[in-house]
Amino acid sequence: MSLSPEEVIKISHLARLAIDEQAIPKYAQELSNIFDLVAQMNQVDTQGIVPTTHPLDIPQRLRADVVSETDQRELMQKGAPSVEVGLYLVPQVIE
Amino acid sequence: MYNLTIAEIAAGLRAKKFSSEEITHVFLTRIKQYDARLNSFITVTEEAALVAAREADQHYANGTAGLLTGVPMAQKDIFCTTGVKTSCASHMLDNFIAPYDATVVTRFKQAGMVMLGKTNMDEFAMGSSNENSYYGSVKNPWDLTRVPGGSSGGSAAAVAARLTPMATGTDTGGSIRQPAALCNLTGIKPTYGRVSRYGMIAFASSLDQGGPLNRTAEDAALMLNVMAGFDEKDSTSVDRPVPDYSATLNNSLAGLKIGLPKEYFVKELDPQVAAAIDAAVKEYEKLGATIHSISLPNVHLSIPAYYVIAPAECSSNLARYDGVRFGYRCENPKDLEDLYKRSRGEGFGAEVKRRIMIGAYVLSAGYYDAYYLKAQQIRSLIKNDFLEAFKQVDVILGPTTLSPAFKLGEKADDPVSMYLNDIFTIAANLAGIPGMSIPAGFVDNLPIGMQLMGNYFEEARLLNVAHQYQKVTDWHLKIPGGF
């Protein structure tokens, strides 16, 4: 499989990743090589096989719906790039 | 003193042959002396280590010390440590001070062990050579021009060079076992769900599992006793009793059925590695085990399936790094989209970006069935191969890697050739079974590893099988020259 530069641009947008324009052909080549590796999956017919999402066949554990966390807003926001009155600041979204 | 194992250090502390402060000082001094050559630590927590060591010594004085109180160790920089930088070897988290401890970290603290620092790794645990670190490559102590393996390369190099008696690792596709093999260590990846993932920075959540890197199986058992167990904070943690892994180390191997998968003895395998594995098999026969040829017919599909599942889960997990709540933020974003894109573009390294893009592609509209669903169906086939094999044999034995450590830079420009390194280790992650690598010899003065895989929750058996081999061989006792 061969990914085009346009597809690389589309994927990088989906993933919200700024990539260097000059690096696009290199990414296209590398990702294409990886997809060639992945294409080996098509050697085997998997029709009707139940997919494995979790290595162990156990149900998701549930817990009682009670509050278990305390308010740690200040602690958690200590590492934030920009905070004001307990809110995360980002560039203006609405005019 | 630096050559003592965990078991020996614990015994020495109990016998008051030396204090925790003394032994901690020995390792801190060695880190200062040797780590410039290896680059195995990202952060050394000298002051905190000495405080913890003095506290441990108080416990010995009061008679309140536990089995492992005061024994030094190191944490892979993927485990969150309160008040200490937790970078995951990424520019993205270079400024991240964890606000809480990972459960694994809490457990080591509860055991009274002393953390020396945080070890280097491939960024977000993505890599097999430790060349993908924001803080630079780690060198293999057996040959400084070679890689230590990855992603737990800093942990492996530090333990091999005796800069710490043990270090934690994590294994998503071989990241404990492959560096253990390349650095002459004993490393175990437990069954999925055995060790809590809470506070262990997520890469591929259905594959990630923490475990110890040690020099001996005896030490690995002690460390797994600390790490393993149910944690309600991890929704995939398994609530099932943990055996005492040390208690069964000396069980006899008479009658043990060992399976050799024919798919692991391929033409690409270095003939000298194959010869070393053959020699190990003969040792096991002497110990009373019987050897059986088995087949894992779908195991060759491990790498293709892995490079769909792991990137898909990575692209989802790493979506949280958005430049808003924590971590790196780009300068002067012009709008919100620019903030997201440049913070991520500048904060992540090349391999992480490749994997995020693969993941975004395979999960994008119209491709889900062809990639992610297909890979999960193949995962079922691989898992069933193991279930069938374990009806015939007790453990599966083979090489951990195709060859010994490769040169720094040798595969760095070719992602696919790097990925093929994990050809023997990935299947255990896909199936969720425990796997282990132990020292099995040398090729051109470079160590090689033997892999043991067991059925679900059979860590105790793997450790027993490893320990019995280490009692009759001395590969694991070899020390790299110059350290």
Side-chain angles (χ1 to χ4, degrees), chain A residues 3 7-8 10-20 23 26-58 60-63 68 72 74-83 88-93, chain B residues 95-97 99 192-193 206 232 235-236 238-239 298 300-301 303-305 307-308 315 322-327 329 333-342 344-346 348 353-354 356-361 364 371 373-381 383 415-416 419 430-433 456:
Chain A
L3 278 187
E7 283 174 299
V8 172
K10 188 185 162 207
I11 301 168
S12 64
H13 171 69
L14 287 175
R16 299 296 186 272
L17 271 179
I19 55 171
D20 191 357
K26 189 166 182 274
Y27 275 115
Q29 186 58 52
E30 287 171 347
L31 298 183
S32 299
N33 291 346
I34 296 166
F35 281 113
D36 284 342
L37 177 76
V38 162
Q40 290 173 22
M41 292 199 306
N42 298 324
Q43 292 167 2
V44 37
D45 180 9
T46 52
Q47 214 176 355
I49 292 168
V50 179
T52 293
T53 51
H54 187 297
L56 307 169
D57 285 325
I58 49 172
Q60 183 68 50
R61 186 158 40 79
L62 300 174
R63 66 165 175 83
S68 60
Q72 301 187 70
E74 252 176 67
L75 175 68
M76 293 300 170
Q77 289 191 329
K78 263 193 185 166
S82 182
V83 169
Y88 296 100
L89 296 191
V90 295
Q92 188 174 344
V93 178
Chain B
N95 62 3
F96 179 62
I97 309 291
Y192 182 81
S206 78
E232 62 178 19
S235 67
T236 57
V238 176
D239 191 359
N298 295 291
H300 66 289
L301 298 169
I303 289 186
Y307 278 98
V308 172
S315 82
D322 56 4
V324 175
R325 289 162 303 157
F326 60 102
R329 173 181 282 198
K334 67 178 185 345
D335 54 30
L336 189 58
E337 186 168 302
D338 185 46
L339 168 82
Y340 292 150
K341 284 187 172 175
R342 279 201 295 122
R344 290 164 61 76
E346 294 165 17
F348 293 135
K353 281 190 261 200
R354 274 193 289 272
I356 290 174
M357 286 198 277
I358 298 166
Y361 183 81
S364 62
Y371 289 104
L373 185 69
K374 177 96 183 173
Q376 287 188 315
Q377 288 173 317
I378 288 175
R379 193 172 181 179
S380 300
L381 296 177
K383 182 181 165 175
V416 167
Y419 295 172
L430 290 171
I433 58 170
Y456 296 97

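Chain identifiers are assigned alphabetically (A, B, ...) following the order of the sequence lines, protein sequences preceding nucleic acid strands; residue numbering begins at 1 within each chain. All heavy atoms count here, side chains included; hydrogens, waters and symmetry mates do not.
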Can you see which heavy atom on [X] is nearest to which on [Y], and at what distance?
| X | Y | answer |
| --- | --- | --- |
| A:Leu37 | B:Tyr307 | CD2-CD1, 4.4 Å |
| A:Met41 | B:Pro304 | CG-CB, 3.7 Å |
| B:Thr236 | A:Arg61 | N-NH2, 4.3 Å |
| B:Ser206 | A:Pro55 | O-CG, 3.6 Å |
| A:Gln40 | B:His300 | OE1-O, 4.3 Å |

From CZ (B:Arg329) to CG (A:Leu89), nearest 0.5 Å: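 Result: 7.5 Å between the selected atoms.
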
Reported NE2-to-CD distance for the pair A:His54 and B:Gln376, which is rounded to 0.5 angstrom: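 The CD atom of B:Gln376 is 12.0 Å from NE2 of A:His54, to the nearest 0.5 Å.
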
Partners meeting salt bridge (Lys or Arg N to Asp or Glu O under 4.0 Å) with A:Arg16 (sequence neighbours left out):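 Once residues adjacent in sequence are excluded, A:Arg16 has no partner under the salt bridge (Lys or Arg N to Asp or Glu O under 4.0 Å) criterion.
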
Could you check if a side-chain atom of [X] sits within less than 4.5 angstrom of a side-chain atom of [Y], using non-hydrogen atoms only?
| X | Y | answer |
| --- | --- | --- |
| B:Tyr361 | A:Leu3 | yes |
| A:Lys78 | B:Ile97 | no |
| A:Gln60 | B:Ser235 | yes |
| A:Leu14 | B:Ser364 | yes |
| A:Glu7 | B:Met357 | no |
| A:Arg63 | B:Glu232 | no |

Under a 4.5 Å cutoff for heavy-atom pairs, which residue among [options] has the most contacts with chain B?
| options | value |
| --- | --- |
| A:Leu56, A:Asp36, A:Asn33 | A:Leu56 |
| A:His13, A:Gln77, A:Met76, A:Gln72 | A:His13 |
| A:Pro81, A:Ser68, A:Ser82 | A:Pro81 |

So which part of [X] gets closer than 4.5 Å to some heavy atom of chain A, the side chain, the backbone, both or neither?
| X | value |
| --- | --- |
| B:Pro99 | both |
| B:Glu346 | neither |
| B:Tyr371 | both |
| B:Leu339 | side chain |
| B:Lys383 | side chain |
| B:Asn95 | neither |
| B:Val324 | both |

What side-chain donor-acceptor pairs closer than 3.5 Å can you find for residues 44-53 of chain A, not counting sequence neighbours?
from, atom 1, to, atom 2, distance (Å)
A:Asp45, OD1, A:Gln47, N, 3.0
A:Thr46, OG1, B:Lys374, NZ, 3.3
A:Thr46, OG1, B:Gln377, OE1, 2.9
A:Thr52, OG1, B:Ser380, OG, 2.7

Which atoms of A:Ile58 approach chain B - backbone, side chain, both or neither, heavy atom under 4.5 Å: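 Side chain only.
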
Interchain contact, A:Ile34 with chain B, by part (heavy-atom threshold 4.5 Å):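 For A:Ile34, heavy atoms of backbone and side chain both lie under 4.5 Å from chain B.
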
